[in-house]
Structures are given as structure tokens and as C-alpha cells.
2 protein chains.
Amino acid sequence: MTTPQRDKARRILKDAKLYCTEARIAILQVLMQAARPLRQDQIAERVAGFQPAIRGRNALDTKNALNKVTVYRTLESLIEVSLVHRAFTYQRAWHFELADHCTEHQCNPHFTCTNCGVTHCLTDILLPMAKVSQKGFIVNRQQVRLEGLCPACA
Amino acid sequence: MTTPQRDKARRILKDAKLYCTEARIAILQVLMQAARPLRQDQIAERVAGFQPAIRGRNALDTKNALNKVTVYRTLESLIEVSLVHRAFTYQRAWHFELADHCTEHQCNPHFTCTNCGVTHCLTDILLPMAKVSQKGFIVNRQQVRLEGLCPACA
DNA sequence: CAGGATTTGCAACGGAGTTGCAGATTTTTT
DNA sequence: AAAAAATCTGCAACTCCGTTGCAAATCCTG
Ligand SMILES: [Zn+2]
Ligand SMILES: [Zn+2]
Ligand SMILES: [Zn+2]
Ligand SMILES: [Zn+2]
């Protein structure tokens with residue numbers, strides 16, 4: 001029950017001076033495997049599904065699921081040490097992703113299809129930063145959201 | 001009980017083929033006077049304060065307040081005809097503003113100060129549109145959010 | 001392995017948003 | 001102007017994600 005990815009997660013947590021708990025290890029792994037930002041309930045769902053069966057239980061056993069409060073607080077701690085970002089809210093729910101998807105002052109743009117609802121990370125595109133410093137604003141982070149039709153729905 | 005602004009609101013509603021109800025007239029006026037996007041409860045609050053007597057009641061009567069469901073559905077109808085936009089969500093609440101603050105494919109960028117929480121409309125700044133059309137995406141709307149310190153807090 | 005620090009789960013709460021429906025308001029027709 | 005049709009409004013009740021308090025479980029250090 002030790003994989004390269006799992007070891008990597010432990011290492012990351014140790015470097016961040018966080019307790020290496022099962023919840024944090026599992027959630028980190030889920031986010032490392034995710035192709036797009038995930039809601040808390042999606043994260044919980046994936047943890048339950050992908051977890052290599054505790055004590056011989058079937059992987060789909062719901063007992064592998066994390067409590068939603070644990071997911072909530074785990075994400076808070078990961079955000080605190082800048083390992084994770086809140087990417088955006090969609091339908092009143094935050095979507096989370098690893099912070100290493102982002103540059104220091106700008107997260108990758110996110111495109112949400114208004115037809116199928118799927119969100120795509122545009123990791124290879126960055127807009128120039130808005131020039132507002134001469135007005136006295138100090139920008140720490142710029143976020144771009146796009147809305148429209150995805151290739152599949154166009 | 002007829003002002004130029006009120007007449008303008010009625011005219012806009014008529015052009016949009018919407019019923020000229022007191023709620024719509026009042027909310028439109030509030031948004032016309034707003035310097036930044038407002039939450040539904042802030043809109044209700046301002047309607048209650050500034051209203052020149054809804055339904056013949058005294059202007060100071062707190063009963064001038066609109067029910068939150070009415071605010072909600074009024075905004076929905078105004079969005080439906082593209083008079084109003086949902087600008088962004090902050091702390092789980094949508095913030096609304098007149099759509100004429102925006103160009104066809106891009107709303108004005110919004111800057112939120114992480115220290116004092118105040119949001120500023122950067123109406124004189126527009127970022128270039130992300131070029132994603134060659135990937136098959138059709139962009140209807142681009143939104144930019146900025147976070148950092150405002151001039152007062154810097 | 002013991003002891004203190006931290007995290008987890010449960011239950012209960014909070015608040016913006018949402019819906020059904022009866023009665024009120026606005027518009028259209030007569 | 002009155003009646004009829006269309007639409008809107010308010011109330012109450014509900015959903016859902018996020019949030020908090022607290023006791024039990026887990027994790028780290030010595
Ligand atoms: Zn699509
Ligand atoms: Zn992303
Ligand atoms: Zn400020
Ligand atoms: Zn604005």
C-alpha cells in the first residue's frame with residue numbers, strides 16, 4: 001500500500017509541515033489525477049472510489065468515503081499552505097485544483113460550456129495582466145473565466 | 001412621482017417588452033445609481049430607502065422593502081432580456097450590475113481588495129480576448145477578476 | 001510506547017438561492 | 001370604463017453548500 005504517487009503526496013505534506021493524514025494523502029492524490037477543478041463532493045466521491053481498499057474492503061465500499069467536513073477542513077489546510085487554490089464557483093459550489101496549475105499571479109483560464117456544463121482548464125493560455133498599478137492597485141491574483149460552447153457542443 | 005430617471009426606466013422596460021412593475025422600475029433605478037455590483041439584499045435595502053413610495057405608501061415606511069423572492073425573480077427577468085448581468089460571486093452571493101457596463105463579449109474587470117473587501121469596477125480597462133477559437137471553443141463571454149490591495153489599503 | 005498536538009466525524013446550524021401557489025397588479029380586450 | 005387575460009408578488013417551505021462545536025480518533029515526538 002505504498003505507491004510512487006502516494007509517497008510523493010507524503011513528501012509534499014511533510015515539506016509543508018502538515019500532518020500526513022490519510023485524508024490529506026488521498027485528497028492530494030485525487031487532485032493530482034484530476035483534469036479539471038473539482039467540487040468537494042466530487043473529491044469525496046473519488047477518494048471513496050480510488051482508495052486501495054482498507055482492510056480488504058471492496059474499493060466501492062462507502063466506508064472508504066470521507067466525511068464532507070473532513071474534506072472541507074482538509075482543503076482549507078491545503079489552501080493555507082498554498083498547495084491548493086479555489087479555482088472558481090459554479091452553481092454556488094467552489095471548485096478546487098492544485099495550485100501548481102497556476103503561475104504566481106494568474107491561475108490558468110477556465111472555460112465552462114453553457115450547454116453541457118463541462119469546464120476545461122486552458123493551461124496553455126495566459127492573458128497579459130491588467131495594468132492597474134498606476135492607479136494604485138496592487139494585484140496579487142488575476143482570474144479569467146470564459147463562457148460559451150465547447151468543441152463537442154459547438 | 002415621475003422623474004426623468006424613473007421615466008427612463010419605464011422606457012427601457014417597455015422596449016424590452018416587460019411589464020412595467022414597481023419592483024422592476026425601482027430595481028433598475030438602484031442599479032443605474034450603483035457604482036459597483038450589488039447583492040440581492042443590498043438591492044432590496046436600497047429600494048426600501050430611496051423609493052418614492054411604492055403602492056402609495058410613505059417613502060420612509062419600511063414596508064417599501066421588496067420581498068427577497070421578488071428581487072430574485074425581478075433580476076432573473078432583467079437578466080433574461082440582457083439588461084442585467086451577474087457580475088461575480090463573492091462569499092457565496094451573486095453581485096449584479098447593469099449589462100451596459102460591459103462590451104458584448106467581455107464584462108469590465110472587477111477588483112476586490114483582500115483587506116477591506118471593497119470591489120471596484122475597472123470600467124476603463126479591457127483585456128484582449130483569449131484566443132481559443134482555433135481549438136474549437138466559441139467564447140460568448142470573458143470575465144476577469146482581480147484580487148489584491150486597493151489604493152486605500154496599499 | 002506514553003503524552004500532547006492535531007485531525008476526524010457527527011450533528012446541528014447558517015444563509016443565499018429556489019419553488020409552488022393563492023392573491024394582487026398590469027396589460028389587453030370588450 | 002369594466003372585464004378578461006396575462007403576468008407578477010409575497011409567503012412559507014425547501015434545497016444545498018458551507019461552517020462551527022465538541023468528543024473521539026489519529027498522528028507525531030521523545
Ligand atoms: Zn459543451
Ligand atoms: Zn485549472
Ligand atoms: Zn482595500
Ligand atoms: Zn462592474
Side-chain angles (χ1 to χ4, degrees), chain A residues 6 9-11 13-28 37-45 47-48 51 54-55 62-81 83-84 86-96, chain B residues 1 6 9-28 37-45 47-48 51 53-57 61-81 83-84 86-96:
Chain A
R6 201 180 151 83
R10 302 189 82 107
R11 173 66 177 281
L13 289 171
K14 201 161 189 182
D15 287 349
K17 299 197 174 71
L18 288 179
Y19 270 33
C20 267
T21 69
E22 290 302 327
R24 286 202 184 117
I25 295 169
I27 288 177
L28 258 190
L38 299 175
R39 295 191 310 263
Q40 298 185 189
D41 61 302
Q42 294 174 317
I43 292 171
E45 201 175 275
V47 166
Q51 258 304 67
I54 295 172
R55 280 197 301 281
T62 52
K63 278 303 198 175
N64 271 331
L66 292 176
N67 183 280
K68 72 165 189 166
V69 180
T70 301
V71 175
Y72 168 73
R73 285 197 270 230
T74 297
L75 288 169
E76 272 202 328
S77 68
L78 295 175
I79 289 169
E80 179 84 21
V81 297
L83 285 173
V84 170
R86 292 184 180 90
F88 56 85
T89 57
Y90 181 59
Q91 293 177 338
R92 298 182 55 63
W94 276 109
H95 289 60
F96 302 83
Chain B
M1 195 172 118
R6 200 179 152 83
R10 303 188 81 106
R11 171 64 177 281
I12 290 173
L13 289 171
K14 199 160 190 182
D15 288 348
K17 299 197 173 72
L18 288 178
Y19 272 32
C20 267
T21 69
E22 291 302 328
R24 286 201 184 116
I25 296 169
I27 288 178
L28 258 190
L38 299 175
R39 295 191 310 263
Q40 297 185 190
D41 62 301
Q42 294 174 316
I43 292 171
E45 200 175 276
V47 166
Q51 249 314 75
I54 280 186
R55 285 185 293 290
R57 284 198 188 99
D61 191 331
T62 53
K63 284 300 202 173
N64 270 330
L66 292 175
N67 183 282
K68 71 165 188 166
V69 179
T70 301
V71 175
Y72 167 74
R73 283 197 271 231
T74 297
L75 288 169
E76 272 201 328
S77 69
L78 295 175
I79 289 169
E80 179 84 21
V81 297
L83 284 173
V84 169
R86 292 184 180 91
F88 57 86
T89 56
Y90 181 58
Q91 293 176 337
R92 296 182 54 65
W94 275 111
H95 290 60
F96 302 83

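Letters go in sequence order (proteins before strands), and every chain restarts at 1. Since the model is a prediction, treat every value here as computed from it, not as a measurement.
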Quiz prompt | Rounded (10°) bend between the five-pair end axes of the helix from dC1(C)-dG30(D) to dT30(C)-dA1(D) | solution = 30°
Practice problem: In whole angstrom, give the distance that lies between atom CG of Leu66(B) and atom P of dC8(D). | Solution: 15 Å
Practice problem: Apply side chain to side chain contact (heavy atoms under 4.5 Å, CB included) to Ile12(B) and list each qualifying residue two or more places apart in sequence or on a separate chain. | Solution: Lys8(B), Leu28(B), Leu83(B)
Self-check item: Shortest non-hydrogen contact from Tyr19(B) toward Leu13(B)
Solution: O-CD1, 4.4 Å
Quiz prompt | By side chain to side chain contact (heavy atoms under 4.5 Å, CB included) - contacts of Ala44(A) (at least two apart) | solution = Val71(A)
Write out a two-atom table: protein N or O, nucleotide N or O from nucleotides 24-30 of chain D, distance below 3.5 Å.
from	atom 1	to	atom 2	distance (Å)
dC28(D)	OP1	Cys20(A)	N	2.8

Quiz item: How close or far is atom P of dG10(D) from atom CZ of Arg24(B), stated in whole angstroms?
Solution: 12 Å
Exercise. Tell me, please, which residues at least two apart from Tyr90(B) pass side chain to side chain contact (heavy atoms under 4.5 Å, CB included).
Key: Phe88(B), His95(B), Thr112(B), Arg145(B)
Self-check item: Non-neighbouring partners of Arg11(B) that pass salt bridge (Lys or Arg N to Asp or Glu O under 4.0 Å), sequence neighbours left out
Solution: Asp15(B)
Quiz item: Is the shortest heavy-atom distance from the side chain of Leu78(B) to the side chain of Leu18(B) under 4.5 Å?
Solution: yes
Quiz item: Quick one: Ile79(A) CD1 to dT19(D) C1', roughly how many Å, whole number?
Solution: 14 Å
Self-check item: For Thr70(A), side chain to side chain donor-acceptor pair (under 3.5 Å) partners two or more places apart
Solution: none
Quiz prompt | Residues forming a side chain to side chain donor-acceptor pair (under 3.5 Å) with Thr21(A), sequence neighbours excluded | solution = none
Practice problem: For Asn67(B) and dT9(D), give me the distance from atom CG to atom P, rounded to whole Å. | Solution: 10 Å
For nucleotides 13-20 of chain C, which of its nitrogen or oxygen atoms have a protein nitrogen or oxygen under 3.5 Å away, and what is each distance?
from	atom 1	to	atom 2	distance (Å)
dG17(C)	OP1	Trp94(B)	N	2.8
dG17(C)	OP2	Gln40(B)	OE1	3.3
dG17(C)	OP2	Gln40(B)	NE2	3.4
dG17(C)	N7	Lys68(B)	NZ	2.9
dG17(C)	O6	Lys68(B)	NZ	3.0
dT18(C)	OP2	Tyr72(B)	OH	3.0
dT18(C)	O5'	Tyr72(B)	OH	2.8
dG20(C)	O6	Arg73(B)	NH2	3.0

Practice problem: Would you mind classifying the nucleic acid contact of Ser77(B) as base, sugar-phosphate or nothing, using non-hydrogen atoms under 4.0 angstrom? | Solution: nothing
Self-check item: Atom pair distance, as rounded to whole Å: OH in Tyr90(A) and C1' in dG18(D)
Solution: 19 Å
Self-check item: Results of side chain to side chain contact (heavy atoms under 4.5 Å, CB included) for Asp41(A) - residues two or more places apart only
Solution: Arg39(A)
Practice problem: Taking the side chain as every heavy atom from C-beta outward, state whether Trp94(B) and Gln40(B) have any pair of such atoms under 4.5 Å apart. | Solution: no
Practice problem: Could you check how far CD1 of Ile43(A) sits from C1' of dG18(D), rounded to whole Å? | Solution: 14 Å
Practice problem: With sequence neighbours excluded, tell me which residues meet ring-ring contact (aromatic ring centres under 6.0 Å, His included) with Tyr72(B). | Solution: none
